[in-house]
Structure formats: C-alpha cells, structure tokens
Chemist: 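Before anything else, here's the structure in question.
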Amino acid sequence: MIVKRVRELLEEYLPEGVRFQVGPPPREELGDLATNAALVAAGPLGRRPRELAEELARKLAEKRELFRKVEVAGPGFLNLFVAPSYWQGVVERVLLAGADYGRSTLGAGRKVQVEFVSANPTGPLHIGHGRGAAVGDSLARLLHFAGYQVVREYYINDRGRQMEILGRSVWLRARELAGEGISFPEDHYRGDYIIEIARKLLRERPDFLELSEEEAVEVARDFALAEILAEIRRDLEDFGVHYDVWYSEKDLYKRGEVAEALEALKKAGYLYQKDGALWFQATAFGDEKDRVVLRANGEPTYFASDIAYHREKFLKRGFDLVVDVWGADHHGYVPRLRAALAALQIDAQRLRVLLIQMVNLLEGGQLKSMSTRAGEFVTLRELLEEVGRDAVRFTFLTRKCDAPLDFDVDLAKSQKSENPVYYVQYAHARLASVFRKAEEAGFSGEENYDPSLLETPEDLRLLKLLDFFPQMVEEAAEALEPHRLTYYLLDLAEALHDYYTKHRFISEDRALSQARLALAKAVKQVLANGLNLLGVSAPERM
RNA sequence: GGGCGCGUAGCUCAGUUGGAUAGAGCGUUGGCCUCCGGAGCCAGAGGUCGUGGGUUCGAAUCCCGCCGCGCCCUCCA
C-alpha cells in the first residue's frame, strides 16, 4: 500500500481537489514510484512545477522509513526510491493478516446488491450465463472483501407470456409423446429438455392429458418452471455460485409492488394513455422514446416489473448501490431504467449496470449458436463437465466483460503452462510442495526471520507485488472489474516461478532459508486470497 | 438509418482512470535440468495503438468525422 501512503503524504502538502497520479515509472532506473503531483498542482498554486517539485521532494525525503531517495526529473516528475526495509516489512503484514490480507474498509459497510444471471427459467443455463455467473459471483466476493455488505440475487421471471409459451411447449410435447400428431410452432421452446420435462410430467400426472387445455397449460407451466429452476440452481451450485435471494417476479405482483410503482410514476406526472396503452415518458429523462408499461390488452410489460423491482431495491430494501449484470443484448434497457429511477427521484448513479458481451465457443474450429428457443446451445453444465469448474471460472475472468470472449475449449482443458489457470494454481501448489520439503528439513514454519535478507531483485519484485495486492483489490472493487484480479495473479505467479528457478528457498544457510520461507508463505497466502476472490481453488497438490 | 460496445505484435488480449522509450500469453528463433515439482525459466525477432483531424506541456486513453466487426432498435423478454 505504498501508493496509498504516498498519496496521503502528498495530500497534506497540496490543495484539496488536485487529482494527481502515483504509479510505477516507465523505467526501473527511475525508482519504484513516480508522481506527477507537482505538475498538476503547480497551476492551481500559481507556482513553477519544477520549483514545487523540489520542495515536495525535500518534504518526502524526510520520511526516512519510507524513502531512501527522492529525485526530481524532467518538467517536474517526482521519482521515489522506496527504502528496502519498507518492502521487506510487507511479509510480516501479510502473515499477520493471513486470509484477511487485502481486506479493505473501502465500502464502509454500505449495502450493495449484485443481481446476476437472472436468466429466464425457460431452459437450462448456457455458456453466456456462465460468464455472467463468474463475473457476478467474483464481483460479489470482491465487494464483500472490500468492505461492502453484499447481497447476491437472482431475479426470476416466473410470469408473463414466455411462461405461457413454456407451458404450451410442454403440453404439446406431452401430447406428441402420447402419440398425437401435432405441429410445433416456431416461437415455442424446441429444446430436447422440454420433451424430458413432458415425459416426467406424464409419469407424475397420469391424468394430465385429460385436463382442459387451459388447465393443462397451467399445470405444465408450473411443473416446467419448478423443474427448470431446480436445474438452474443445481448448475449454479456446481459452479460454486450461491445466492442469498431468489426473487420471484410473481411475488412482486402479489405484494402490489408493481401497482404501487406505477402509481408513484403517475403521481410524479410521467404516465399517459396512448393507443389504449399506458406509457412512461422516458424521453423526459434522456431516453430515445417513451416506453409502454401497460399494454393495450391490460398486461404489464417486463419494464413495468423492472421499475417496481428497482424501486423496491432502493426505496424499501435500502441498497446504497445496485449492480445489475446483464447480457449486452439488453443494453437498450439501461437508459429507460435510469429514466424511471430519475422520475422516481432516485439517484441513477446508484445503479451500475455491467453488460456482459457474448461468449463464442471455440472448439477446434468455430462458434455455436446460442438461441434458447431454437434449442441449439452449449449448456453451462456441458462446459463444466468437459472443462472443470476452476478452468471455466478463470477463463471467464480473463477478459474485461465489455469485450466479447472466445472461449477456447481445447486451451481451457489443457494442463500445460499455456493454460493460465494452471499457471497460477501451479505456483500455489509449488509453494505447498516447498513447505512439505521444508518440514522434512526441520523447519517448523514458525521461526523468527530476518526480513533484511530478502534483498535480491527477485525478492523485491515479489515484495512489491505483495504490497500492491490491497490496492489492486480496492481498485478492482471500485471499478467493478474482477478481471484485474486475474491479471494480478498471473503477474504474481510469474514472479514466483522466476524466483523459483533463480533461488532456493531451502539451503544450508538457515537464516536465509527462514527469511525466504517467510516470503514463500506470504506469496502463497496472497495467491490463495486472490484465487478465492475468483472462486477458483488453490490446490496443495496438482 | 439511429443507439451501445469493440478495433493495440502473426493469433488471443492487458494497459493502474491524460504521463516519460506501448506490455503479456500463445506461436516463432535460440538457450537453461547434479538442484525445493521443467505443469517452470531466460533471451531474440515481431507495432503507423483501424483511420483523418482536434483539445494541451503530454493522447492507446478525452472530443469530432470516416472505415470495419458485433449486439440492439416490440405494446418480446
């Protein structure tokens, strides 16, 4: 957290509101850290950058426990050379904190909801949902670790037209199974899982086909919903994703939330009748066009329930921040939902929407379609069974979420170094192996050590990375970008592997061994903490 | 036609919120096992950051115009 320390120091000397940068300099010879603070602050202070830089350099250099040298360079950059003793102290900080190293109070206990996946319960989860699950779950872990109070939620669209179609799909397949010749409509759910559900329904309800059409469709709908939802839960559990709340859209109506929300919008003066439908004046808040909330046939739109749902999140359930993880194909929804929040006098800044781009499955050759209705898709379960949980989760988090992802199945299955998940896990397992050896050599792991013996360039590289971890956690949480964890872990693993080939943890030199084992323990801890935030296991052996 | 996202090494992608000479993996070329796990490491080659302007001390990053790709533009979800 050296960067944070430097920031705090500089903020004491500079006027408030000056946005300056503290980060690694472009070249190693320029020190450990560089800042443009003098450049940025010179203007507001009415001073020459170079002169201000000299003054700041003198003040910082007084902190002998932090810096061994502070230089002014170019137009007024400050180059900071951090005292080795500061870096060496990080081992103790990591070992003391253990699994809590990197935990932050950034969130200050604020309540945040992460709503993710929320796929319609009309079929099994496919790989696109898997990406949303990996991102949402990792983000929830990250926010929790960063000091937020987190609720993970799945919103179930368990009513409306698509539920009727689901019911009809099952009903038609059941009649088909009974030998009846039927024609199956294009816009119905065509997947084989529908036939399975129909078969099971016929077993459990032998009288099913004797029911009236209306009754049968209703029975089939409820039956299919329960079946599919159970399967979705199972898939997510097997993926290591656990929800705090499964939120039913149907309940939202039962409790009158939708009517209440529409009433609130009406009171605020943003609803009007046109062509027999009820419209929300979204254009008043920057959306492209006004949106229907009640259709001419009296049915509320999906948008209407969404307004009510989000109104409840903020106004009744008291979330300070709501993160929605959506498929990128829903991006058109964002402006209208923000508009509705604004109309309800809710600060739309409190809603953050992550749009997850498409996943293309690459196996030997090319991609596969992912249309639920057409029934052609690779399910999350199939991918999990083929590739394994850790590799799937890690791979989904190797890309920022607003970029499309080509999921290379062959690569994810590979157990070679080209597969990034093994690269990181191997670093952890390798250290575990070192400790098994250390024990044989008579090290308990609890000995005192002299951190000043950690002085090679490879030591310092690891120490700096360990020091950076808490900051990286905060930045990733603030930016809602769990993929930063992935890249950090790859860096740390690389530094460790490099160290491993150049130095020995266990040697004749007992004091040196003790210091290096302490470092190894700290690295292992941070690898484990980071992997845990991704929901990926940190194996002792592979 | 409009909106959103994306164009960075042969391929797949990072790029610390505007900083100094743009990075990694794979692939490729050449090296490293008496040794804690070689599932590893080191070195080399490889670039008009799609393109043309603009903003300023300074742009891959911000603004505008083009080009290409994807997604979305329903009283579907």
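Just so it is clear: chains get the letters A, B, ... in the order the sequence lines come, proteins before strands, and each one is counted from 1.
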Chemist: So does A:Tyr499 get a side-chain nitrogen or oxygen closer than 4.0 Å to the phosphate oxygens (OP1/OP2) of B:C42?
Modeler: no
Chemist: Determine the interatomic distance between C1' on B:G18 and the same-named atom on B:G58; round to the nearest Å.
Modeler: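 Going atom to atom, C1' in each nucleotide, I get 8 Å.
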Chemist: Is there a donor-acceptor pair closer than 3.5 Å between any side-chain N or O of A:Asp158 and the backbone N or O of A:Lys250?
Modeler: yes
Chemist: Which part of the nucleic acid, if any, lies within reach of A:Ala479 when heavy atoms closer than 4.0 Å are counted: base, sugar-phosphate only, or nothing?
Modeler: base
Chemist: Can you name the residues that form a side-chain hydrogen bond (donor to acceptor under 3.5 Å, both in side chains) with A:Gln425, not counting sequence neighbours?
Modeler: A:Asp390, A:Ser537
Chemist: Nearest whole angstrom, please: distance from the C1' of B:C26 to the NZ of A:Lys413.
Modeler: 19 Å
Chemist: Taking any heavy-atom pair under 4.0 Å as a contact, classify A:His330: base, sugar-phosphate, or nothing.
Modeler: base
Chemist: Among A:Phe303, A:Tyr302, A:Tyr247, which residue satisfies the ring-ring contact (aromatic ring centres under 6.0 Å, His included) criterion with A:Tyr309?
Modeler: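 That would be A:Tyr247; it is the only one of A:Phe303, A:Tyr302, A:Tyr247 passing the ring-ring contact (aromatic ring centres under 6.0 Å, His included) with A:Tyr309.
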Chemist: Less than 4.0 angstrom between a side-chain N/O of A:His497 and OP1 or OP2 of B:C32, yes or no?
Modeler: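 For B:C32, OP1/OP2 do not have a side-chain N/O of A:His497 under 4.0 Å.
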Chemist: Tell me whether the OP1 or OP2 atom of B:G38 has a side-chain N or O from A:Arg430 closer than 4.0 Å.
Modeler: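 For A:Arg430, the contact criterion (side-chain N or O under 4.0 Å from OP1 or OP2 of B:G38) is met.
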Chemist: With a 4.0 Å cut-off on heavy atoms, is A:Asp498 in touch with a base, just the backbone sugar-phosphate, or nothing at all?
Modeler: sugar-phosphate
Chemist: Specify the glycosidic conformation (syn or anti) of B:U17, with syn defined as within 90° of 0.
Modeler: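 You should classify B:U17 as syn.
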Chemist: Does A:Arg7 qualify as a cation-pi partner of A:Phe20, given the criterion of NZ or CZ under 6.0 Å from the six-membered ring centre and within 45 degrees of its axis?
Modeler: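 Judged by the rule, A:Arg7 and A:Phe20 form a cation-pi pair.
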Chemist: Report all interatomic pairs (protein N or O, nucleotide N or O of nucleotides 2-8 of chain B) with separations under 3.5 Å.
Modeler:
{"residue": "B:G3", "atom": "O4'", "partner": "A:Glu288", "partner atom": "OE2", "Å": "3.1"}
{"residue": "B:G3", "atom": "N2", "partner": "A:His331", "partner atom": "NE2", "Å": "2.5"}
{"residue": "B:G5", "atom": "O2'", "partner": "A:Asp402", "partner atom": "O", "Å": "2.9"}

Chemist: Roughly, in whole Å, what's the span from CZ in A:Arg484 to C1' in B:U16?
Modeler: 6 Å
Chemist: Using modelled atom types only, decide if a donor and an acceptor are shared between the side chain of A:Thr35 and the backbone of A:Val22 within a distance under 3.5 Å.
Modeler: no
Chemist: Does the pair A:Lys464/A:Asp32 count as a salt bridge with the N-to-O cut at 4.0 Å?
Modeler: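 Looking at A:Lys464 and A:Asp32, the cut-off is met.
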Chemist: State the dot-bracket string of RNA chain B. Criteria: Watson-Crick or G-U wobble, both atom distances under 3.5 angstrom; notation: ( ) intrastrand, [ ] crossing earlier pairs, | interstrand, . unpaired.
Modeler: (((((((..((((.....[...)))).(((((.......))))).....(((((..]....))))))))))))....
Chemist: Kindly state whether the pair A:Tyr487 / B:A24 counts as stacked, where counting means centroids closer than 5.5 Å and planes tilted less than 30° apart.
Modeler: no
Chemist: Flag the pair A:Glu481 and A:Arg484 as a salt bridge only when some basic side-chain nitrogen lies within less than 4.0 angstrom of an acidic carboxylate oxygen.
Modeler: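 Salt bridge flag = yes for A:Arg484 with A:Glu481.
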Chemist: Output the single nucleotide from B:C71, B:A14, B:G15 whose closest atom is nearest the side chain of A:Arg399.
Modeler: B:A14
Chemist: So A:Arg541, base contact, sugar-phosphate only, or nothing? Heavy-atom distance under 4.0 Å.
Modeler: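 It contacts base atoms.
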Chemist: Just call it for A:Asp290: base, sugar-phosphate, or nothing, with non-hydrogen atoms closer than 4.0 Å on any strand.
Modeler: nothing
Chemist: Checking all strands, does A:Asp275 fall into the base, sugar-phosphate, or nothing category for heavy-atom contacts under 4.0 angstrom?
Modeler: base
Chemist: With respect to A:Glu458, which candidate in A:Arg504, A:Lys502, A:Arg516 satisfies the salt bridge (Lys or Arg N to Asp or Glu O under 4.0 Å) definition?
Modeler: A:Lys502
Chemist: Within this structure, what is the CE-to-C1' distance between A:Met358 and B:C69, rounded to whole angstrom?
Modeler: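 Between C1' of B:C69 and CE of A:Met358: 13 Å.
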Chemist: Determine the interatomic distance between C1' on B:G10 and the same-named atom on B:U16; round to the nearest Å.
Modeler: 28 Å
Chemist: Quote, to the nearest angstrom, the P distance that separates B:G23 from B:A60.
Modeler: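 Those two atoms are separated by 13 Å.
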Chemist: Apply the syn/anti split at 90° from 0 to B:C33 and say which one it is.
Modeler: syn
Chemist: Describe the nucleic acid contact of A:His428 in one word from base, sugar-phosphate, nothing, applying a heavy-atom distance below 4.0 Å.
Modeler: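 It contacts nothing in the nucleic acid.
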Chemist: Let me spell it out: for each of A:Phe435 and A:Thr35, pick the nucleotide of RNA chain B with the closest heavy atom. Which residue's pick is nearer the 5' end?
Modeler: A:Thr35
